[in-house]
Novice: 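I am attaching a structure below and will ask some questions about it afterwards.
Numbered from 1 within each chain, the chains take letters A, B, ... in sequence-line order.
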Amino acid sequence: MPNPTNHIELVTRDFSFYYGDFRALTSISMDVERNRVTAFIGPSGCGKSTFLRSLNRMNDIIPGTRVEGKVLLGGVDIYGKDVDVVDLRRKVGMVFQKSNPFPKSIFDNVAYGLRIHGERNPSAVAQRVEESLRAAALWNEVKDRLDKSALDLSGGQQQRLCIARALAVKPEIVLMDEPASALDPLATQKIEELIFELKKEYTIIIVTHNMQQAARVSDATAFFYLGELVEFDETKKIFTNPKEKKTEDYITGRFG
Amino acid sequence: MERHFHEQLQKLREKLTVMSRSVEESIEKSIQSVMLSDAALAEEVFSMDDAINRMEMDIDDDCLKLLALQQPMAADLRFIMAAMKINNDLERMGDHSVNIAGYSKSLSGPRSVRLMENIPKMARIVRDMVSESLAAFVEGDAGRARAVCLKDDEVDRLDDALFKDILNLPHPDSESVSRSLAMVLISKNLERIADLSTNIAEEVIFIVQARTIKHHSELSLIEDRRAR
């Protein structure tokens with residue numbers, strides 16, 4: 001486990017996940033620290049994305065799935081029966097691999113979450129839209145065309161818009177599933193710098209199959225293999241002197 | 001867009017600058033301890049070396065982290081590689097200061113004034129080389145680095161001259177032999193510091209121009225000198 005320098009934001013205990021009879025995750029226990037970037041790495045099919053999507057119950061929509069164990073956010077099990085999933089997803093926002101802006105204006109994309117959560121005051125909405133776009137390092141590029149379609153933005157801008165949209169509802173945690181894998185190196189660099197800035201305000205959990213990206217952006221790294229959490233430690237430790245041979249083999253390209 | 005990684009490189013540069021100031025101070029004090037036969041100053045040099053060693057380990061750790069986590073390329077990669085070598089060179093300079101300060105006891109008693117004049121003369125040039133090589137590193141100034149390389153000859157010349165003078169001393173008794181040996185060794189340690197400054201200067205040229213001028217490639221410097 002990484003050094004407990006910060007408060008713990010999210011805890012999982014013996015968390016297992018099943019697609020029908022297939023156990024995709026086996027007994028994952030992990031403490032995610034606040035205001036840090038935690039990266040999940042591992043080969044395709046290792047369960048890292050399934051685990052990420054379990055943290056705000058995105059997998060609920062897949063039929064035939066079930067979970068065992070606990071995911072505790074602020075001490076409350078998010079799989080408890082009284083949990084409001086819409087409110088959970090406000091607290092634990094998500095950004096996906098492919099940017100998915102709504103076919104609406106830039107402004108309305110960011111305002112969307114605020115409105116469905118009941119914010120009706122136009123000046124409060126406008127203020128939060130600006131704050132979110134600034135936090136996502138997009139404001140200066142779009143401030144003069146907020147009423148233009150979000151679909152006219154470049155790929156990198158669209159992804160930062162999706163980040164702004166996630167931030168607008170003031171989440172505690174932002175989950176990012178391969179947020180830069182569809183972007184060119186410059187747009188990727190912007191997203192990575194943005195992640196570094198965002199951790200001052202938010203807790204970030206990122207899945208990436210780009211190991212170098214995990215090394216660059218994260219404070220703690222978890223290596224998954226065949227549905228198990230093989231090793232979880234400070235990113236520097238994982239990439240300079242991992243404890244487990246399997247981790248070493250993976251990050252040095254000696255796998256299989 | 002300013003990269004967080006480049007801020008880290010700037011911090012690395014600053015750490016090396018702080019370390020080089022300590023090394024310069026340690027060289028200065030070691031020479032003073034010899035000239036004044038001052039044991040307290042020699043002790044200061046010894047304790048400064050502990051701090052210099054800690055800085056070396058800290059900078060090594062930073063470089064390892066940057067290489068492992070940031071995948072540096074081109075100028076950034078050359079910078080970190082050079083920083084690792086410069087770090088090592090500075091630490092060795094600190095060790096040479098310790099050696100010099102260690103001879104301060106052996107030099108008490110009567111001395112040859114003429115021989116003793118050579119030591120501070122060399123020390124002045126050497127200190128200047130250390131500070132200039134680091135300034136060249138901080139400024140990324142290849143011209144300044146080149147000037148450091150050229151000064152190394154002057155130090156070598158003074159070192160040779162001191163050695164010859166000692167060989168020509170009349171009727172050595174055991175005490176004067178020990179003093180003479182101490183002087184030769186001080187001179188040799190200064191000469192090594194000068195060589196290490198030259199290494200740093202060569203690294204600066206590597207960072208700035210991606211050219212290697214050490215070893216056989218020193219020809220380019222000789223050609224420069226002939227052209228003048």
Side-chain angles (χ1 to χ4, degrees), chain A residues 2-3 36-39 41 134 136-141 154 156-157 159-160 180 183-200 204 206 208 210-221 223 233-242 247-248 250-253, chain B residues 1-19 50-92 137-138 140 203 206-208 210:
Chain A
N3 302 327
R36 298 187 97 201
V37 180
T38 299
I41 62 168
R134 282 187 190 280
L138 188 59
W139 176 252
N140 287 336
E141 292 161 58
S154 71
Q157 287 172 328
Q159 193 60 307
R160 279 180 283 141
L183 303 177
D184 72 19
L186 268 183
T188 298
Q189 191 181 305
K190 279 189 184 171
I191 298 282
E192 288 182 5
E193 289 301 318
L194 177 56
I195 290 169
F196 187 82
E197 287 301 313
L198 288 177
K199 74 175 173 186
K200 292 170 190 161
I204 312 282
I206 178 171
T208 172
N210 178 342
M211 250 186 308
Q212 286 73 25
Q213 180 168 67
R216 286 191 296 265
V217 304
S218 72
D219 301 295
T221 296
F223 169 58
D233 212 328
E234 295 294 306
T235 297
K236 186 197 164 196
K237 173 95 174 111
I238 293 280
F239 285 95
T240 57
N241 184 20
T247 314
E248 174 115 21
Y250 181 67
I251 63 171
T252 56
Chain B
M1 185 171 186
E2 182 63 30
R3 283 182 68 189
H4 165 63
F5 166 53
H6 290 140
E7 287 169 25
Q8 290 177 306
L9 289 187
Q10 184 54 32
K11 279 192 191 132
L12 175 60
R13 195 191 307 268
E14 283 159 16
K15 280 188 184 179
L16 279 166
T17 310
V18 170
M19 184 177 175
D50 292 339
I52 291 168
N53 291 346
R54 278 196 300 276
M55 290 184 215
E56 188 214 11
M57 288 193 285
D58 177 48
I59 290 169
D60 251 354
D61 194 57
D62 285 357
C63 291
L64 176 71
K65 192 173 158 189
L66 289 168
L67 285 177
L69 303 185
Q70 298 291 340
Q71 306 93 43
M73 296 291 169
D76 296 340
L77 177 61
R78 294 203 304 276
F79 177 81
I80 296 171
M81 284 207 32
M84 292 173 81
K85 293 186 188 177
I86 290 171
N87 186 33
N88 201 32
D89 290 341
L90 287 172
E91 190 276 330
R92 293 293 306 152
F137 168 70
V138 170
E203 290 305 328
F206 174 69
I207 298 173
V208 178

Novice: If you round to the nearest 0.5 Å, how far is CZ of A:Arg216 from CD of B:Gln71?
Specialist: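 B:Gln71 atom CD to A:Arg216 atom CZ measures 5.0 Å (nearest 0.5 Å).
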
Novice: CZ of B:Arg3 to CZ of A:Phe196: how many Å apart, nearest 0.5 Å?
Specialist: 12.0 Å

Novice: Please determine whether the number of non-hydrogen atoms from other residues, nucleotides or ligands lying under 6.0 Å from atom CZ of B:Arg92 exceeds 12.
Specialist: no

Novice: Between B:Gln70 and chain A, which part of the residue has a heavy atom less than 4.5 Å away: side chain, backbone, both or neither?
Specialist: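 Backbone plus side chain of B:Gln70, per the 4.5 Å heavy-atom cut-off to chain A.
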
Novice: Distance check, rounded to the nearest 0.5 Å: B:Phe5 atom CZ versus A:Glu192 atom CD?
Specialist: 12.0 Å

Novice: Identify the heavy atoms of A:Ala215 and B:Ala68 that sit nearest to each other, and give their distance.
Specialist: CB-O, 4.2 Å

Novice: Ignoring hydrogens and geometry, is there a side-chain-to-backbone donor-acceptor pair from A:Gln212 to B:Leu69 under 3.5 Å?
Specialist: no

Novice: Give, as side chain, backbone, both or neither, the part of A:Ser218 having an atom under 4.5 angstrom from any heavy atom of chain B.
Specialist: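 For A:Ser218, neither part sits under 4.5 Å from chain B.
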
Novice: How far does NZ of B:Lys65 sit from NZ of A:Lys237, to the nearest 0.5 angstrom?
Specialist: 14.5 Å

Novice: Within the 4.5 Å heavy-atom criterion, are B:Asp61 and A:Lys236 side-chain neighbours or not?
Specialist: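 Answer yes - side chains close enough.
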
